Each structure stands twice: as structure tokens, then as C-alpha cells.
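Structure first, commentary second.
Since we're looking at a predicted model, the values are computed, not measured.
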Amino acid sequence: MSKFKVAVATVVALAMAAPAMAFDVKWGGDFNNRFMYSTQADVARALSGEGAFTDYTNGAVFSGALPNFNQKDEDSDFLGEIKYRLFVNGTSDDKKVAGHVAFEFGGIEYGDNTQADFGGDDNVFELRHAWVDFEVPFDTAARVSVGLQPVGYNKFLWSDNAAGVKYAAKRGSLGYSLGWFRDDVSNNGEGTSLKLENDDAYAFDINYAIENGPKLEAFVIYLEEGQEGLADGMDQQLWYGISAAGQAGNLFYGATFIKEDGEIDLATTKLDRDAFLANVEGTVKLDRAKVELGWLYSTGDDDANDKDAENFSNI
């Protein structure tokens, strides 16, 4: 049988089965072209050879060149950028199963010599979401989501996409979730003798919506990062915190407190994590405008030579 006949037979079979597997599919997204002007130097590309700075990336101390903040003739002041985002959501007619796919083309600067020059034919595709969620059998208040998905925890700690499994339930005013997510760093050392470990994150949160009042949330997230450097080691981070958010008339308000503990175990030293973050914010919505006011404080490490890592870090 030819490939064409097989394709036709498949389409006919799916069409006949459609009433039994009805799906509501929605496409959406935005096609964004931006034009920007800035007098700020690109500090990621312009580095001077004078002095050194201390970087606490992953708890380790590194030395490097100081960034040069002076505007240079070769710095790009004006640019155009492409960022197209599309998504497809499919939901079964009984709402028990849903699938989600989202992808992005961009952000690409006009004239980029590898992606958007006069040819512009390089691969600039990025997969953002690829996950399914389904109702837990015998429990209509709970769902499980599997795949590359929005994490959706506290915005100051972790508000991004990650691949993993998440169980979430909502029972009246009470909601809670439990999740496991993984960042596989092993490819970073492919072709080398480095033995790299996966980064595993475990998260739990519980929230309660007070009638005519704020929504309260408590959360705990534990992240165990495999060492990516030359020395064997481990970075263990534990965050636990509380937050509140609500509305009173045209005032929207929120507050967050997060404590960070853990341990950095390197080949030559051990550090204890001891940090926190605090935030209070409010927004007043007027007729055609809004006024925002906020305060945020996070600890930093004032002594790189002691045994404490006091700089607050997020995911």
C-alpha cells in the first residue's frame, strides 16, 4: 500500500473516531517586533582587563575582569528585535485531559550575522512548553501535569518553565501542590572526563483564600545541584517562605518573606547558606493609569572568607 493510501486511511479512521475523542483545540500567541534605543553599554560584551570582581555563582568564588560601563562607538544604540510566540492548547470535551505546546522564534536582533542577516535561515526555534495534565481518577479536585511546564511558584523565587511532574489539588478555599523537576546538566560535560550530576528540585506549597480577604501561601522548595566545576561537590539549597496577596477596592497589595538555608560542599571548603528576602508592594489603579510602590530587601555576603554564604539566590 502506498504512503498516500496509508495517510488517507489514517485520516478517515481518525475522522470516524472523532465523536468518541472530541477535543477542543485553541491556537494563540503574539507576533512581536520591537525597536529599542539605549545609551547603556553592553556590559556582557565589553570587559576591561583592570581589576577583578567576586562572583558567588553556585556558591563558589571566581575572579575575572571588571565590566566596562563606558559607552563605546561599537556598542549598538538602536536595534530591532523579533520575538514570535505561539501556543496550542487542546482539551477533551469532558475536561479530564488537556495538552499544551508553546514555542518561540526569537528574540533575534535584526542583522544578527548568525540568525537574522540577509539570509536569515538559521534554526532559531525554542520549545517553551510541552506538557499534558489530567484529572486524577476518583478525585475530580486533583490534577497531575507532566512535561515541560510553567512552575508557578513564588515570583521572587521561581517563576519559570521546568520539566517535571506536578500534583495539584483545590478543595474549596484550600489548594496545595507537590512537584518534582529536573535540570539535566550532564550534556555540559559531554566529551570530557567530568562526572556531572542532575539538578533535582522538590517543591510543596499550600494556599488558602480568605473570603473577602487576601490569599495566603506557604511553600518549601529544596534544590540539590550537581557540581559543574572541576572539583567534586554539591550545592544544597532549601527555601521556605510565606506570602500574601489581595485586593481592597482599587488597591492591590502583596507581601513576601523567604528564608534560604542549605550547604555548599566543595572539594576545598564547606559553606553554610544563611540568607533571606523580604518584599512589600502595593498598586493603586486609577481610571487610565496605575501607581505602584514597593520595597524589597535581600541579604548579601559581606565576608567572602568566612564559612557562611549569606547572599540570597533564587532559581
Side-chain angles (χ1 to χ4, degrees), residues 54-61 145 149-170 173-183 185 198-210 213-227 233-248 251-266 270-283 292-304 306-315:
T54 302
D55 179 10
Y56 292 94
T57 304
N58 289 331
V61 179
S145 54
Q149 59 189 289
V151 174
Y153 293 103
N154 184 271
K155 65 181 180 180
F156 295 108
L157 177 57
W158 195 8
S159 181
D160 207 336
N161 306 320
V165 181
K166 185 176 182 180
Y167 167 89
K170 184 171 179 59
S173 299
L174 179 68
Y176 52 90
S177 72
L178 182 66
W180 163 71
F181 304 92
R182 166 164 286 185
D183 175 22
V185 301
N198 293 309
D199 295 350
D200 288 305
Y202 307 89
F204 171 76
D205 81 323
I206 183 169
N207 58 78
Y208 184 80
I210 300 176
K215 180 180 180 180
L216 307 177
E217 182 183 21
F219 51 89
V220 178
I221 298 178
Y222 173 73
L223 174 63
E224 186 173 87
E225 296 186 79
Q227 174 65 24
M234 185 68 67
D235 187 356
Q236 298 172 323
Q237 299 177 75
L238 174 67
W239 296 270
Y240 46 94
I242 56 174
S243 66
Q247 177 183 358
L251 171 65
F252 297 81
Y253 57 88
T256 298
F257 179 82
I258 306 173
K259 182 69 171 66
E260 180 183 6
D261 292 325
E263 184 179 78
I264 305 168
D265 188 359
L266 301 176
K270 288 186 179 181
L271 303 174
D272 293 323
R273 288 191 175 275
D274 183 15
F276 70 87
L277 175 146
N279 166 261
V280 178
E281 58 186 358
T283 301
E292 299 180 2
L293 180 65
W295 171 85
L296 184 145
Y297 177 85
S298 63
T299 55
D301 200 318
D302 57 357
D303 186 352
D306 64 13
K307 296 298 183 181
D308 293 324
E310 298 170 327
N311 51 302
F312 183 85
S313 57
N314 54 16
I315 302 177

Under 3.5 Å, side chain of D301 to main-chain N/O of D303, donor-acceptor pair present?
yes
Salt bridge K155-E217, side-chain N to carboxylate O under 4.0 Å:
no
side-chain contact (heavy atoms from CB on, under 4.5 Å) test vs I315 passes for just one of V151, D160, I221, namely I221
Look at K259 together with D274 and state whether they make a salt bridge at an N to O cut-off of under 4.0 Å.
yes
What distance do Y222 atom OH and Q236 atom CD have between them, rounded to the nearest 0.5 Å?
3.5 Å
Checking side-chain hydrogen bond (donor to acceptor under 3.5 Å, both in side chains) for the pair W180/D200: CA distance, chi angles, key distance, verdict?
CA-CA 7 Å; W180 163 71; D200 288 305; 3.2 Å; yes
Is it true that a side-chain atom of S243 and a backbone atom of A255 form a donor plus acceptor pair closer than 3.5 Å?
no
I need the minimum non-hydrogen distance between F204 and S177, along with the two atoms involved.
CD1-O, 3.2 Å
Return the orientation label for the Y167 and Y176 ring planes: parallel under 30°, perpendicular over 60°, tilted otherwise.
tilted
Pairing of D261 and R273 as salt bridge, 4.0 angstrom limit:
no
Testing F276, W239, F156 for ring pair (Phe, Tyr, Trp, His ring centres under 6.0 Å) with F257, which one passes?
F276
Rounded at 0.5 Å granularity, tell me how far NZ in K307 sits from CD1 in I264.
11.5 Å
Supply the atom-to-atom distance L223 CG to D235 CG, rounded to the nearest 0.5 angstrom.
7.5 Å
Between L174 and I206, does a side chain to side chain contact (heavy atoms under 4.5 Å, CB included) hold up when you go through it step by step?
CA-CA 7 Å; L174 179 68; I206 183 169; 3.8 Å; yes
Between K270 and D265, the two heavy atoms sitting closest are CE-OD1, 3.3 Å
Tell me whether D272 contacts the main-chain N or O of E263 through its side chain, where contact means a donor paired with an acceptor under 3.5 Å.
no
Write down the atom of S313, the atom of L157, and the distance for their closest heavy-atom approach.
O-CD1, 4.5 Å
Taking all non-hydrogen atoms of both residues into account, name the closest pair between F181 and G164 and its distance.
CD2-CA, 3.7 Å
For the residue pair K166 and Y153, would you count it as a cation-pi contact if the rule is NZ or CZ under 6.0 angstrom from the ring centre and within 45 degrees of the ring axis?
yes
Side-chain heavy atoms of F219 within contact of I242, under 4.5 Å:
no
